[in-house]
Every structure is written in C-alpha cells, then in structure tokens.
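Residue numbers start from 1 in every chain, and the chains themselves are labelled A, B, ... in the order their sequence lines are given, proteins ahead of strands.
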2 protein chains.
Amino acid sequence: MTGTVGGRRRRQRSTRQGGLVRDQLAAGEGFRSAQTVFAELRAKGEEVGLSTVYRHLQVLADEGQADTLQTGDGEALYRLCGTDGKHHHHLVCRNCGRTVEIEGRGVERWASQLAEEHGFSDVNHTIELLGLCSDCSQTRPRD
Amino acid sequence: MTGTVGGRRRRQRSTRQGGLVRDQLAAGEGFRSAQTVFAELRAKGEEVGLSTVYRHLQVLADEGQADTLQTGDGEALYRLCGTDGKHHHHLVCRNCGRTVEIEGRGVERWASQLAEEHGFSDVNHTIELLGLCSDCSQTRPRD
DNA sequence: TACTCTGTTGGTAATCATTATCAGGCCGGT
DNA sequence: ACCGGCCTGATAATGATTACCAACAGAGTA
Ligand SMILES: [Zn+2]
Ligand SMILES: [Zn+2]
Ligand SMILES: [Zn+2]
Ligand SMILES: [Zn+2]
C-alpha cells in the first residue's frame, strides 16, 4: 500500500508548482486572489498554470494553512496564516491589505449562545473587520 | 425643472416591475438570489426581465430596504428587511433560509474597540451566523 | 386628452472568476 | 530504469453579474 491510504486523504505529492504557490502567497502581506497570485508568478517568469494556482490555493485552504475571505464582488481571497488551523478572524486594511489576526473569545461565546438561544444548531460564523490601518488613514485622510 | 432636482437623487419613478420585485421579495421568508427571484416571478407568469430584477434588488439594497449577503460561491442574496436601515446582523438557516435578525450591541462595541486598539479607522464589519434552525435540525439529523 | 421629456425596461452580448476536461508529464515506490 | 497514478495546464464550459441600447411608459404640461 502506498502512503496514507487508510482513512485519510491520499498524501499530497510535493511538486515544484505547489511550492511556488505557497511561497508566492507567503511572500505577500495581505489577502490576494488566485488571479493575482497567478499574475505575480507569471510576472516573475515562473511557469505555472492558472488551474494549478487555483488548485493549490484550494488545498492550502482545506488544510487550514491559508485563510480565505470573499470580496464584495464575489472573488475569493487567500492568505497564508500562521495560526495553524486555530479558529480566528481578521482585521484587514482595505487599502494596503495589512492584516491583524483576531482571536475573539468573547465573540465566539456570543455567537454560540445566540445560536442556541434561537434553537439553531451546527452554526458557524463569518466575522471580518475591514477598515483603514493607521498608515493608510494618514496617507489618505478622506476619499 | 421637474420634480426633485435640488440636492437629492432624482425621484425614483414608480413602475409595475419595481413593485413586482419588491412584492416577490417580501413574499418569501429568507435570503434569495436575483436569479431565484427572477425564476419565481416568471413561474408566476409575471413579465419581467432579468436585468430589471437585478436593478431593483440593487436599488432596494442601496436604499437600505433590503439586506444582502454573499454565499460561499460568490452569489449575492437579498432579503427584505423590517429594521429600516438600522445596523444589524443575521442568523440564517442554511437549509430553509429562515432568518433571525440580530442586534448585537456587544459585538458592535467589541469590533470598534478592537479596531481602535490596532489603530484602524473607518472600520465596518461583516458578521453572519449560518446554521440549522430547530425544525431543519430535526428533519435531517445528519447529512 | 395629446405631447414631450426622461427615466425605465429587457433581450442580448460581453465580462469575469471559477470549474470541468483530459491528454501528457512527473513523483514515488519497487 | 519501470510503472501506475497523481499532477499539470491549455482550453472549453459554466454561471452570475453587468453593459448596451432601442423601444417603452410614467408624469407633468398645455
Ligand atoms: Zn488568519
Ligand atoms: Zn493599510
Ligand atoms: Zn436584516
Ligand atoms: Zn431551517
């Protein structure tokens, strides 16, 4: 039998492209889209296919190595995350993308309590804070 | 000069289609997509164009009469809301769409305090709770 | 009521992100 | 080196949303 066949996902084969995507994602600061990562890699002269970028970002997300969020116009953004799968949220600068990881113990409690209160079960939540970081709010005092 | 020209938006002309979309949205319980509302109207034999449905849902959202949220796969959902533009969130059943309006005083405070703490300004937040309502969790104990 | 001025409508084409396909290439174990 | 199967990536397909724009219909006005 080859590798992990028992009950878990078949071991992910390590490839050049997989490394490229992960590295490129790690290189940047904030959340970025698959299209962006693809463009960045191509700009660096790396040879990767768009499909492959999508695939690896998806894998990273599934593995809990990357966090995702949706822009208002339905575009998925990814970001490599250091918290190793632990549940958390983000405070993101809508201008430069700088991101602060948030661990809101209280909010989690609030959410689950509220759910129970209304008879809901199996509830998960989406919480994202989007604003301007200190640097960016100085640079552009108003729109 | 005709109608409201001063400083506000030119008066919205009242049309048959506008009423249809609003009514159809009001008829349902939970959040629905533009495509769905369009299909429902057509199923009832009403003559409306897809573009028009999109337009009116957008208008309702802009006016604060309807709330919106994004499904995981980038589809916008709309729901007519009674809270008259007051800021709030939702606890939605992912199965039947039943929705409970949430007014989380504490969470609002938490969010703004957290933002300030990290030097962020002009912060808005997205909070959605998605689960199974009591009825649906009984009906389908597991997937 | 007839007329005119605009905002509105809606079929269709265009966008655009994401996914499905699938033949050919590469990884890993033997 | 050999093989079987996962991985890759160009391309087509999908699906929601938007752009277009000529025909249409509210709402004042005479
Ligand atoms: Zn994170
Ligand atoms: Zn910033
Ligand atoms: Zn609401
Ligand atoms: Zn339900």
Check your understanding: Is it true that E103(B) and R105(B) make a salt bridge, defined as a side-chain N closer than 4.0 Å to a carboxylate O?
Key ->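 So E103(B) pairs with R105(B) through a salt bridge.
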Between the base of [N] and the side chain of [X], is there a donor and acceptor pair under 3.5 angstrom?
X: R13(A); N: dC7(D); result: no
X: S51(B); N: dG11(C); result: yes
X: R55(B); N: dT8(C); result: no
X: T15(B); N: dA25(D); result: no

Atom [atom1] of [X] to atom [atom2] of [N]: distance rounded to whole Å?
X: Y54(B); N: dT9(C); atom1: OH; atom2: P; answer: 16 Å
X: Q58(A); N: dA17(C); atom1: CD; atom2: P; answer: 17 Å
X: L60(B); N: dT8(C); atom1: CG; atom2: P; answer: 13 Å
X: Q12(A); N: dC6(D); atom1: CD; atom2: C1'; answer: 9 Å
X: L57(A); N: dT19(C); atom1: CG; atom2: C1'; answer: 14 Å

Exercise for review: Under 4.0 Å from any atom of DNA chain C, heavy atoms only: list the residues of residues 17-50 of chain A that qualify, in numerical order.
Suggested key: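 Q35(A) - these, ordered by number, are the residues of the stretch whose heavy atoms sit under 4.0 Å from the strand.
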Check your understanding: When you match D73(B) and R16(A) each to their closest nucleotide on DNA chain D, which lands nearer the 5' end?
Key ->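 This one resolves to R16(A).
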Check your understanding: Looking only at side-chain N and O atoms, does H56(A) come under 4.0 Å of OP1 or OP2 in dT8(D)?
Key ->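 So the side-chain polar atoms of H56(A) do come within 4.0 Å of the phosphate oxygens OP1 or OP2 of dT8(D), strictly under.
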Check your understanding: Would H88(A) and E108(A) count as having a side-chain donor-acceptor pair, cut-off 3.5 Å?
Key ->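 Side chains of H88(A) and E108(A): no pair found under 3.5 Å.
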**Study point:** Donor-acceptor pair between E40(B) and Q24(B) side chains, under 3.5 angstrom
**Key:**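 Judged by distance alone, the side chains do pair up.
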**Study point:** Pair H125(B) and H87(B), ring centroids less than 6.0 Å apart
**Key:**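 Close enough - the centres of the two rings lie under 6.0 Å apart.
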Practice item. Examine L20(A) and L80(A) and state if one hydrophobic cluster contains both, with Ile, Leu, Val, Met, Phe, Trp and Tyr joined whenever side-chain heavy atoms are less than 4.5 Å apart. Key: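 Same cluster: L20(A) reaches L80(A) through Ile, Leu, Val, Met, Phe, Trp or Tyr contacts under 4.5 Å.
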Review point. Taking everything shown except E29(A) itself, do over 12 heavy atoms lie less than 6.0 Å from its CD?
Key: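 Result for CD/E29(A): open.
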**Study point:** Atom CD of E101(B) with >12 non-hydrogen neighbours under 6.0 angstrom
**Key:**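 Counting other residues, nucleotides and ligands, CD of E101(B) exceeds 12 neighbours.
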